[in-house]
Visitor: 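Input: one structure, supplied below.
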Protein chains: 2
Amino acid sequence: MAVDRSHVLTAAAALLARRPTSSMDEIARAAGIGRATLHRHFAGRDALIRALEQLGIEQLTHALDAARLDEGAAPDALRRLVAEAEPVAGVLAFLFTENQLFEGEGINEGWTRLDARIHALFRRGQEEGDFRIDLGAAWLTEAFYGLIGAGAWAVHDGRVARNDLTHSIAELLLGGARRSMEK
Amino acid sequence: MAVDRSHVLTAAAALLARRPTSSMDEIARAAGIGRATLHRHFAGRDALIRALEQLGIEQLTHALDAARLDEGAAPDALRRLVAEAEPVAGVLAFLFTENQLFEGEGINEGWTRLDARIHALFRRGQEEGDFRIDLGAAWLTEAFYGLIGAGAWAVHDGRVARNDLTHSIAELLLGGARRSMEK
DNA sequence: CCTGAATGAGACAATTGCGTCTCACTCGAT
DNA sequence: ATCGAGTGAGACGCAATTGTCTCATTCAGG
């Protein structure tokens, strides 16, 4: 009977990512609940978006923890990160594309912290000689988000198999499209 | 005096990409014109989105033509494509993320054609041994769009220098983050 | 079998945005 | 200087959405 808050938010993210102008009613239907119930759990559209942001921060934080970014070689850590972040891709894709959140009040501090951790991973990889230095760590961080998002949509639209997603994202991010000669 | 249609659409794309719920008034202001004038040129919000889609198709088509995807090695062709597509990144980023366009009526045929051409480029690269085959051409196509979009936003938000954008996108797409041993 | 919390459906007013119109103004061309 | 097309500002009614409320129903636990 009790509504699964996380499930509602996930459904909302999936819908809003592809149709940001969806009404509260459409969001409720997508989550399989009534509009009244949706309003009981989230005061309004704004509150829903905030909750979505909060969920994304929590889940990505958890993914970062689970990936143990400081351990082992940077490329392996990145692979773990992609694997851990993939289930959260839907929510992340929405949050990455919709910056409407950040108006007036500055960017949520939580994001700054998460960005910094991912940024640090790429920087470590560069310092240890595993990652190239002609691509800035900031750009690699952005590219990470972009590929996570693109992957989530590609799976959602049936253009990429879910099973391949983690490998596709991680390998493209690490090795690119070009066929490598060595190894 | 005459309103620059292309300029209005570009401004609209830039705004809508980051704030899809923007009102017609906000869009008009962002383009530096009045709401009445906006309505004179585009019958309504739908017409505006359609025009945006049409502009994106035209510009990307032009970019694909200019990049001469069939000539030379696939990696070089991809580099040319990124260079040609980069100025259109803002519009593409919006269209890539907002699939609200395609409801009821199928996906615009123009996109199918463009997708096919990019897809063919990656396939050619794979067949000629320049691109790895463990990543599907469909995924590489999606990744191309995703990185173009991520790049556009990163530049817009000041996280990446515009001058580096083409290089950053093309090199990441081609070679990934990992430092290559050979070469 | 009760009881109560939670839900879905619907009604309701208030708000918001949309599309159209009018009117005064600006600017370029004649 | 005059004319006319194009524009911005604002008003207006209309449709859609929002947020709140009520009420009947459902379901879990005692």
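Below, chain A is the first sequence line, B the second, and so on; all start at residue 1.
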Visitor: So, using salt bridge (Lys or Arg N to Asp or Glu O under 4.0 Å) as the criterion, who are the partners of B:Glu171 when residues are at least two apart?
Guide: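 Partners of B:Glu171 by the salt bridge (Lys or Arg N to Asp or Glu O under 4.0 Å) criterion, ordered by chain and then number, come out as A:Arg132, B:Arg79.
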Visitor: Could you check how far CG of A:Asp46 sits from C1' of D:dT17, rounded to whole Å?
Guide: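 Result: 14 Å.
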Visitor: Can you give me the closest heavy-atom contact between B:His7 and B:Ala31, atom names plus distance?
Guide: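 Answer, listing the atom of B:His7 first, then B:Ala31: CE1-O, 3.5 Å.
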Visitor: Any chance you could list the contact pattern along nucleotides 20-25 of chain C? Use B for base contacts, S for sugar-phosphate-only contacts and - for none, protein heavy atoms under 4.0 Å, 5' to 3'.
Guide: BBB---
Visitor: Figure out the NE2/P separation between B:His41 and C:dG19, and round it to whole Å.
Guide: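 Checked: the NE2 to P distance equals 16 Å.
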Visitor: How many Å lie between CG on B:Leu48 and P on C:dG19, as a whole number?
Guide: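 Answer to the nearest Å: 10 Å.
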Visitor: Distance check needed: C:dA6 C1' versus A:Arg5 CZ, whole Å only.
Guide: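 Taking CZ of A:Arg5 and C1' of C:dA6, I get 16 Å after rounding.
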Visitor: Look at A:Arg29 and C:dA9 and indicate whether a side-chain polar atom (N or O) is within less than 4.0 Å of OP1 or OP2.
Guide: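 Checking A:Arg29 against C:dA9: at least one side-chain N or O falls below 4.0 Å of OP1 or OP2.
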Visitor: So does B:Ser23 get a side-chain nitrogen or oxygen closer than 4.0 Å to the phosphate oxygens (OP1/OP2) of C:dG17?
Guide: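 For B:Ser23, the contact criterion (side-chain N or O under 4.0 Å from OP1 or OP2 of C:dG17) is not met.
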Visitor: Roughly how far, to the nearest 0.5 Å, is the CZ atom of A:Arg18 from the OG1 atom of B:Thr97?
Guide: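 Answer rounded to 0.5 Å: 7.5 Å.
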Visitor: Using the test side chain to side chain donor-acceptor pair (under 3.5 Å), find all partners of B:Arg123 that sit at least two apart in sequence or belong to another chain.
Guide: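 Result, side chain to side chain donor-acceptor pair (under 3.5 Å) vs B:Arg123: none returned.
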Visitor: Take the protein atom CG of A:Asp25 and the nucleotide atom P of C:dA11, then report the distance between them rounded to whole Å.
Guide: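 For the pair A:Asp25 CG and C:dA11 P, the rounded distance is 14 Å.
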Visitor: Could you tell me which residues satisfy side chain to side chain donor-acceptor pair (under 3.5 Å) with A:Gln54, sequence neighbours excluded, listed by chain and number?
Guide: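 Result, side chain to side chain donor-acceptor pair (under 3.5 Å) vs A:Gln54: none returned.
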Visitor: Using whole Å, what does the distance between atom P of nucleotide D:dT18 and atom CD1 of A:Ile27 come to?
Guide: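 In whole Å, D:dT18 P and A:Ile27 CD1 are 7 Å from each other.
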Visitor: Compute the bend angle of the helix from C:dC1-D:dG30 to C:dT30-D:dA1 from the end axes (five pairs per end), rounded to 10°.
Guide: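 For the helix from C:dC1-D:dG30 to C:dT30-D:dA1, the axes at opposite ends meet at about 30°.
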Visitor: What pairs with B:Arg117 under side chain to side chain donor-acceptor pair (under 3.5 Å), at least two apart in sequence or on another chain?
Guide: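 B:Arg117 satisfies side chain to side chain donor-acceptor pair (under 3.5 Å) with B:Asp65 only.
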Visitor: By side chain to side chain contact (heavy atoms under 4.5 Å, CB included), which residues pair with A:Gln59, not counting sequence neighbours?
Guide: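 Checked A:Gln59 against side chain to side chain contact (heavy atoms under 4.5 Å, CB included); matches are A:Ser6, A:Leu55, A:Val88, A:Val91.
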Visitor: What residues, two or more places apart in sequence or in another chain, satisfy ring-ring contact (aromatic ring centres under 6.0 Å, His included) together with B:Tyr145?
Guide: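 Partners of B:Tyr145 under the ring-ring contact (aromatic ring centres under 6.0 Å, His included) test: B:Phe96.
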Visitor: To the nearest Å, give me how far apart CG (A:Leu38) and P (D:dG19) are.
Guide: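 Value for this atom pair: 10 Å.
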Visitor: Which residues satisfy the side chain to side chain donor-acceptor pair (under 3.5 Å) test with A:Arg113, sequence neighbours excluded?
Guide: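 So A:Arg113 forms a side chain to side chain donor-acceptor pair (under 3.5 Å) with A:Glu109.
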Visitor: Between B:Met24 (CE) and C:dT16 (P), how many Å, whole number?
Guide: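 The distance from CE of B:Met24 to P of C:dT16 comes to 19 Å, rounded to the nearest Å.
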